[in-house]
Amino acid sequence: SMLQRLAATLRRPAAVPLAAAVRCISSGSVDITVPLNYWAGKRWTSKEKCNKENVYEPATGRVLCHLEPCGAVEVDEAVEAAKSAFGHWSKMSGMERARIMIEAAHIIESRREEIAEMEVVNNGKSITEARLDVDSARLCIEYYAGLASTLAGQHVQLPGGSFAYTRREPLGVCVGIGAWNYPFQIAAWKSAPALACGNSMVFKPSPVTPVTAVMLAEIYAEAGAPEGLLNVVQGGQETGSLLCHHPDVAKVSFTGSVPTGKKIMEMASKGVKPVTLELGGKSPLLIFQDSDLENAVRGALMANFLSQGQVCSNGTRVFVQKNILPEFVEEVVKRTRAIEIGDPLLESTRMGALVNQPHLEKVLSFVDQAKKEGATVLLPCILLANTINDLNTMTCVKEEIFGPVMSVLSFETEEEVLQRANNTTMGLAAGVFTRDVMRAHRVVEHLKAGSCFINNYNITPVEVPFGGFKMSGIGRENGQVTVEHYSQLKTVFVEMGDVDCLF
Ligand SMILES: NC(=O)c1ccc[n+]([C@@H]2O[C@H](COP(=O)([O-])OP(=O)(O)OC[C@H]3O[C@@H](n4cnc5c(N)ncnc54)[C@H](O)[C@@H]3O)[C@@H](O)[C@H]2O)c1
Ligand SMILES: C[N+](C)(C)CCCC=O
C-alpha cells in the first residue's frame with residue numbers, strides 16, 4: 001500500500017541512487033557537522049552547556065546532525081546583531097536594498113541544486129519538489145526587491161498651504177518562526193518582505209528542519225547585506241518563546257499549527273506586537289459534474305500529495321458531485337497507485353518520506369480511526385466517507401492530518417456542498433472545478449477561505465497574497481499587501497501659517 005511503502009522508505013537505509021553518479025550526495029551519506037546557529041555574520045556553537053538534540057534524515061532515519069537550542073544569552077546576541085544591522089539597513093534607499101536582494105537571488109539560482117539537496121536530506125520531500133521550493137524562495141526575493149524602491153507615502157494638502165505627508169517606515173527587528181514542511185521557502189517568504197521594507201530579522205526554523213535557513217542567512221551576507229541582517233537561532237518552543245517576549249522585537253511572523261499560533265498571539269500581545277499567523281487548514285475542493293474530469297483529478301492529486309501531503313493549504317476534503325463519483329474515484333485511485341514513491345533524491349521519485357517516524361505513526365492512526373468510523377479505505381491514502389456520517393463527524397473530515405490522506409465525500413447540490421465545505425473552524429484555502437463560469441464565481445464568493453482556486457489547486461505565485469480566514473491565520477504573505485504587515489505609517493503635519501491657538 002502507499003502508506004506502507006512510505007513507511008518502508010522511512011525505515012530502510014536508502015540504496016545509493018543511480019543519479020549519484022552526477023550528484024554530490026546520496027541519501028544516507030550526509031553528516032552535517034557545521035554549527036547551525038548564525039548571527040552577526042558567523043555560525044556559532046552554543047556557549048552554554050546545552051542539551052544537543054538529534055536531527056534525522058527522513059528518508060533513512062539516520063542522525064543527520066545535532067541541534068544546539070539557543071537560550072536567553074544567544075537569543076539576546078542574535079537580537080542585538082539584528083538591531084545593529086537595522087541601524088544601517090533601514091537608512092539605505094529601496095534601490096540600494098534591492099540591489100543586495102537581487103544579488104542574493106542570483107546566488108540562490110547558482111546554488112539551486114545544493115540547496116534543494118539539503119532540503120531533501122533534511123525534510124524528505126522529492127528533489128523535484130525541493131527545486132521548485134528553492135525557485136519560489138528566489139522569486140519571492142526578486143519580487144520584494146522590485147517593490148523595495150516603490151515604497152512611498154502620500155502628500156495631503158491642508159488649508160492655508162499647510163500639508164501633511166506620510167512616511168512608510170520599517171518596524172525594526174522582526175522575528176520569523178517557521179514550520180518544517182517548507183524550511184527554505186518559509187525563511188524566504190518571511191525575510192524577503194521584511195528586508196525589502198527595511199527591517200532586519202531573527203529567524204527560528206523548526207527544530208526538525210534546521211539546515212537550510214542558515215544557508216539563506218549566509219547568502220544574504222555574501223550578497224553584501226550588513227552583518228546581522230538575517231540571523232538564525234535554533235531551538236524549539238523555549239527559544240521561540242524567548243524571541244516572542246524579547247523587548248527589542250517589534251513583530252512576530254509565524255508559520256505553524258493553530259495551537260502554537262494561539263500561544264504566539266498571546267505572547268506577542270504582552271508587548272502589543274503585531275503578528276502574522278500562517279496556520280493550518282482543512283480545506284475543501286469541490287468537483288462539479290460539469291468539470292473537465294482529467295483536470296479535476298489532476299487538481300485533486302495536487303491538492304493532496306505535494307510534499308507527502310504535508311501542506312497547510314491542502315484540499316483534503318474532496319467533495320465530488322454524486323453523478324461523477326464512480327468515474328472520479330476510479331481515475332484518482334489509478335493515478336495515485338502510479339505515484340512513484342522512493343528515495344527522495346532520485347529524479348524519478350514523486351513522493352519521498354514523511355518527516356519522521358512519530359509523524360508517520362500519527363498519520364497512520366488517522367487512517368485507522370477513519371476505518372473505525374466507517375470510511376471505505378480505497379487506498380490507505382484515499383478514504384471514501386460514508387454519506388450518512390460524513391457531515392463533519394468523522395475525524396478524518398474534521399482534523400488536519402498533514403499527511404498524504406485524501407477524504408472523498410459525495411454531494412448533490414451546490415447549496416448543500418457550500419454549507420458542508422464551510423463547516424470548519426479553518427479557512428486557509430478552497431477550490432472548485434466546473435466548466436460553468438457563473439457557478440465558479442458564485443461558489444468562490446461563498447467559500448470562506450483566504451485562497452480560492454478555480455480549476456486548479458495549490459499554486460502560490462509570489463505576486464499574489466496567501467493566507468487564511470478564520471482560525472487559519474491573520475495577515476498575508478506574498479503580494480503587495482504584505483508590505484503593510486512589515487511596515488508602519490508615520491504621518492507628518494506641516495504648518496505653513498500661524499498656530500491657531502484657542503487659549
Ligand atoms: N498557513 C501556512 O502558510 C502554513 C505553512 C506551512 C505549515 N503550516 C502549518 O504548520 C503546521 C505543521 O508545522 P509544525 O508541526 O512545525 O507546527 P508547530 O506549530 O508545531 O511548530 C511551528 C514552529 O513553532 C515553534 N514553536 C512551537 N511552540 C512554540 C512556542 N510555545 N513559542 C514559540 N514557538 C513555538 C516550533 O519550534 C516551530 O518552529 C501545520 O498545522 C500546517 O498546516 C501552515
Ligand atoms: C507551495 N505550496 C505547495 C502551495 C505550499 C504553500 C505553503 C504551505 O504549506
Side-chain angles (χ1 to χ4, degrees), residues 53 67 69-70 75 123 125 129-130 132-137 139-140 175-190 203-210 213 232-246 249 252-268 275-283 302-316 354-356 358-359 362 399-403 426-429 431 449-451 453 456-462 464-469 471-478:
E53 291 168 21
L67 184 94
C70 288
V75 164
N123 166 278
K125 66 176 70 190
E129 277 195 52
L132 299 177
D133 295 356
V134 176
D135 293 345
S136 170
L139 288 166
C140 185
V175 156
I177 297 181
W180 46 257
N181 60 341
Y182 284 87
F184 191 76
Q185 184 188 283
I186 291 174
W189 282 17
K190 293 195 186 303
F203 185 81
K204 189 195 82 58
S206 162
V208 179
T209 50
V232 178
V233 294
Q234 304 289 351
Q237 61 179 62
E238 279 171 32
T239 312
S241 162
L242 286 165
L243 288 168
C244 294
H245 284 125
H246 201 290
V249 164
V252 182
S253 175
F254 171 77
T255 296
S257 63
V258 174
T260 312
K262 289 182 190 174
K263 288 185 200 158
I264 300 283
M265 201 171 170
E266 206 180 315
M267 289 188 277
V275 288
T276 296
L277 300 178
E278 292 287 349
L279 309 180
K282 190 71 198 175
S283 302
M302 289 299 284
N304 280 274
F305 298 141
L306 281 175
S307 204
Q308 296 75 245
Q310 303 163 136
V311 181
C312 52
S313 49
N314 270 2
T316 48
L354 288 183
V355 78
N356 55 34
H359 189 61
K362 187 175 152 204
E399 287 181 26
E400 185 184 42
I401 299 175
F402 220 55
M426 306 212 248
L428 189 55
S451 294
F453 302 94
N456 205 338
Y457 205 93
N458 257 346
I459 52 165
T460 41
V462 296
V464 295
F466 178 80
F469 280 15
M471 286 173 91
S472 287
I474 293 180
R476 292 291 177 269
E477 289 194 321
N478 294 339

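Only this structure's heavy atoms are used, side chains among them; waters, hydrogens and symmetry mates stay out. In this text the structure is predicted, and so the values were computed from the model without any measurement. Just so you know, ligand 1 is whichever comes first in the structure, and atom 1 is the first atom listed for that ligand. Numbering of residues begins at 1 and proceeds along the displayed sequence.
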Starting from atom 1 (C) of ligand 2, find the nearest protein heavy-atom neighbour and note its residue, name and distance.
Thr460 OG1, 3.1 Å

Counting heavy atoms only, which of Phe254, Trp189, Trp180, Phe402 is nearest atom 16 (O) of ligand 1?
Trp180

So which atom in Gln310 and which in Phe402 form the shortest heavy-atom distance, rounded to 0.1 Å?
CG-O, 3.4 Å

Can you sort out which atoms of ligand 1 are near Pro205, meaning under 4.0 Å from one of its heavy atoms?
39 (O)

Which residue owns the protein heavy atom closest to atom 9 (O) of ligand 2, what's the atom, and how far is it?
Cys312 SG, 2.6 Å

Ranked by distance from atom 13 (O) of ligand 1, the top protein heavy atom is Ala179 CB, 3.4 Å

With side chains defined as the heavy atoms from C-beta onward, is the minimum distance between Ser253 and Glu477 less than 4.5 Å?
yes

Test item, Pro259 contacting ligand 1 (heavy atom, 4.0 angstrom)
no

For Glu400, atoms of ligand 1 separated by under 4.0 Å from a heavy atom
40 (C), 41 (O), 42 (C), 43 (O)

Pick one of side chain, backbone, both or neither for how Asn181 approaches ligand 2, counting any non-hydrogen atom pair under 4.0 Å.
side chain

Could you tell me whether the side chain of Val258 reaches within less than 4.5 Å of the side chain of Glu400, counting heavy atoms only?
no

Looking only at non-hydrogen atoms, which of Gln234, Glu278, Lys204 approaches atom 3 (O) of ligand 1 most closely?
Glu278

Between the main-chain N or O of Val175 and the side-chain N or O of Lys190, is there a donor-acceptor pair closer than 3.5 Å?
no

Pull out every atom of ligand 1 sitting under 4.0 Å from any heavy atom of Met267, numbered as shown with elements.
32 (N), 33 (C)

List every atom of ligand 1 that sits less than 4.0 Å from any heavy atom of Thr260, numbering the atoms from 1 in the order shown and giving each element.
18 (P), 19 (O), 20 (O), 24 (O), 26 (N), 27 (C), 28 (N), 29 (C), 35 (C)

Heavy atoms only, cut-off 4.0 Å: how does Gln310 contact ligand 1, side chain, backbone, both, or neither?
neither

Tell me, do His359 and Trp180 make a side-chain contact under 4.5 Å, heavy atoms counted?
yes

Per-atom contacts of ligand 1 with Gly178, taking only distances under 4.0 Å to non-hydrogen atoms:
22 (C), 23 (C), 38 (C), 39 (O)

Quick check: do Gln234 and Pro205 have side-chain heavy atoms less than 4.5 Å from each other?
yes

Within a distance under 4.0 Å of any heavy atom of Gln237, pick out the atoms of ligand 1 and give their elements.
27 (C), 28 (N), 29 (C), 30 (C), 31 (N), 32 (N), 33 (C), 35 (C)

How long is the straight-line distance from OH of Tyr457 back to CG of Asn304, given to the nearest 0.5 Å?
8.5 Å

Cation over ring, Lys204 on Phe254, under 6.0 Å and within 45°?
no

Check Leu279 against ligand 1 and report side chain, backbone, both or neither, counting heavy atoms closer than 4.0 Å.
backbone

Where is the nearest protein heavy atom to atom 9 (C) of ligand 1: which residue, which atom, and how far?
Gly256 O, 3.1 Å

Would you say Thr239's side chain and Cys70's backbone share a donor-acceptor pair under 3.5 angstrom?
yes

Nearest heavy atom to atom 22 (C) of ligand 1 wins, so pick from Ile177, Val258, Thr255.
Thr255

With heavy atoms of Leu306 as the reference, note each atom of ligand 2 found under 4.0 Å away.
3 (C)

Under 4.0 Å from any heavy atom of Asn458, which atoms of ligand 2 are there?
4 (C)

Does the side chain of Tyr182 come within less than 4.5 Å of Asp133's, by heavy atoms?
yes

Looking only at protein heavy atoms, which one is nearest to atom 3 (C) of ligand 2, and how far off is it?
Tyr182 OH, 3.1 Å

Give the numbers and elements of all ligand 1 atoms closer than 4.0 Å to a heavy atom of Phe466.
3 (O)

Just wondering, do Lys282 and Glu399 contact through their side chains at under 4.5 Å, heavy atoms?
no

Could you work out, for atom 19 (O) of ligand 1, the closest of Cys312, Pro207, Pro210, Ser257 by heavy-atom distance?
Ser257

Would you call Leu279 and Met471 a side-chain contact if the rule is heavy atoms closer than 4.5 Å?
no

Suppose I only count heavy atoms of Ser241 and a 4.0 Å limit; which atoms of ligand 1 are within that range?
32 (N), 33 (C)

Under 4.5 Å between any side-chain heavy atoms of Ile401 and Thr316, yes or no?
no

Region of Glu477 engaging ligand 1 - heavy atom pairs below 4.0 Å:
neither

Can you sort out the partners of Phe466 under side chain to side chain contact (heavy atoms under 4.5 Å, CB included), two or more places apart, ordered by chain and number?
Trp189, Glu278, Cys312, Ser313, Leu428, Ser451, Thr460

